[in-house]
Number of protein chains: 2
Amino acid sequence: MSVLGRAFSVLDAFADGTPSLRLTAIAERSALPLPTALRLVRELVAWGGLERQSDGSYRLGSRLWTLGGQAPCRRRLVETGRPVLDRLNRTTGLPVLLAALDGIRFVVVDGVGSTLRPGTMLPPHATAAGKVLLAYLPDSRRRQVLADLVRLTPYTLTAPGPLDRQLATIRAGAPASAWEEWRLGENEVAVPVDPFAAQGPAAALTVTARSAAQARRAVPLVARAALTISGSLRPAGQATACAARADAAGEPR
Amino acid sequence: MSVLGRAFSVLDAFADGTPSLRLTAIAERSALPLPTALRLVRELVAWGGLERQSDGSYRLGSRLWTLGGQAPCRRRLVETGRPVLDRLNRTTGLPVLLAALDGIRFVVVDGVGSTLRPGTMLPPHATAAGKVLLAYLPDSRRRQVLADLVRLTPYTLTAPGPLDRQLATIRAGAPASAWEEWRLGENEVAVPVDPFAAQGPAAALTVTARSAAQARRAVPLVARAALTISGSLRPAGQATACAARADAAGEPR
DNA sequence: GACCAGCTTTCATCCTGTGAAAGTGGGAGT
DNA sequence: ACTCCCACTTTCACAGGATGAAAGCTGGTC
């Protein structure tokens, strides 16, 4: 692994949302010897990617915020999606989320009425949005995910077979759903945004309800909202989906 | 300069808001030989900090967006500031901006009703918000800025003396103003958010108007809004301002 | 007062990043 | 059709920067 790779794994130590970490914790999470972690952390601080707090711990820095906010693919998605999310939240009265693929992770991109903040990671197999994105993943990666289905509630699907059948129906155009498979009391439905893009859908639009019936009732509205987003995403340029990165576990090409 | 430094200057090539750059442009902006730039860019792409587009050019990637969105100091500022900006925009009918220091740059953090997007850089000496932040900068850095005052309109203050006197009144508690000093037809007033923090104010709150009179009339509302933000920022923790980074051109310690 | 954890510094070793130079490929010009 | 040119990519011998074990700090705790 190169120097840069190490530095990135230092940053990735914060990816799960931990607001602040001490040096030792960073070193541990990124599997680096302490002096190495220290050197990297210092360079990151000098740049502004990390900040040192008065108690000696570190947190992600403002420079990272400024740069990250400029990422065109996500910015467009949020800017075009936001008004639609707002309306969908008002018409359904339910928390609304927009989720997308980030490398190999599934993350919340934006939300209205939900407690989940942008950047939160979602379990691929146990959320409706996760299933949508999973359905359109290239075979090899999808199989990777299906190989390790963690039980999160009594209702989580942990058998690859049934889940894969659900994914097939999603690809065929059915809305995705997850009935208390991630958290008890949360029933979600989700549909893809721009499902016919070459790279797969740009995002998944999802609502959460107390009951499955309530969630089902929202499906038409969610589907229409997703179409609206797809529509305003398409015309202004091909730069829709964030390019899938060619990562280590990637496919040929 | 270390490897990391080089990689950061590659990312910084996008800091001015350029949505996409070709390899050659990146190499030029970051003053790196082409093969070096290529190697760094590739590693950044593999991580997700950059993305390669179909035409071969690069843009900031989604991984950067996800990470950056987690930066605690900025997130808190935006989350607590947003409702106040909304209200201020409604009561004044004017575009509202929240700006802060990012390393050595002055950037827009959030806005309502303005065309300036978060991440946009502001000229320190020719905007009201810039003057507020400049006023509270440590002496050495302030002098650095005062030494190079670029003329942007016929009304831009390019003499250090008068500007420095304005900064003194701002430190004394007066609202900052800029009358068409950045762009013709734009008159701004600004006040600090949390001006008594150890590190200087967390941000500057500013409104823009067609006429100076209109801007002046808004001052009390802006000041009250800034107090509201300061108030909700303070209690929940000391993590208010983003730590000023110890950069190359920095002071002792 | 001794111990410990968490952090920082040092330094000899060596591996990784470096960039000049040469190679590739596609598009424009004639 | 041929050539030129530009943007990008690959190669490779070299050098300098990164490495991490070991040894010092510091402040808190028993």
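- Applying the 4.0 Å criterion to OP1 and OP2 of C:dT16, one finds that B:R6 has every side-chain N and O outside that range.
- What separates CZ of A:R42 from P of D:dT19 is a distance of 14 Å, to the nearest Å.
- In this entry the distance linking CG of A:D55 with C1' of D:dG27 reads 15 Å, nearest Å.
- Nucleic acid contact for B:P33: sugar-phosphate only, since backbone atoms but no base atoms lie under 4.0 Å from a heavy atom of the residue.
- One finds the CG atom of B:L101 at 5.5 Å from the CG atom of B:L137 (value rounded to the nearest 0.5 Å).
- With rounding to whole Å, A:M1 atom CE is found 11 Å from D:dT19 atom P.
- When each of A:P35 and A:S2 is assigned the nucleotide of DNA chain C bearing its nearest heavy atom, the one mapping closer to the 5' terminus is A:P35.
- A donor and an acceptor atom, one from each side chain of A:E181 and A:T127, are nowhere located under 3.5 Å apart.
- Between A:A25 and B:L32, the residue whose closest nucleotide on DNA chain C is further toward the 5' end is A:A25.
- Regarding contacts with the backbone of C:dG19, a side-chain N or O of B:T36 is found under 4.0 angstrom from either OP1 or OP2.
- Note that the CD1 atom of B:I229 and the CZ atom of B:R234 stand 14.0 Å from one another [nearest 0.5 Å].
- Going from atom CG of A:L34 over to atom C1' of D:dG24 covers 14 Å, rounded to whole Å.
- Considering only heavy atoms from C-beta on, B:V10 comes within 4.5 Å of B:L50 through its side chain.
- With rounding to whole Å, A:L44 atom CG is found 13 Å from D:dA18 atom P.
- Spacing between atom CZ of B:R22 and atom C1' of C:dG26 amounts to 12 Å, rounded to whole angstrom units.
- Put simply, CZ on B:R39 is 8 Å from P on C:dG17, counting in whole angstrom units.
- In this structure, the CG atom of A:L38 is 13 Å from the P atom of D:dG20, given to the nearest Å.
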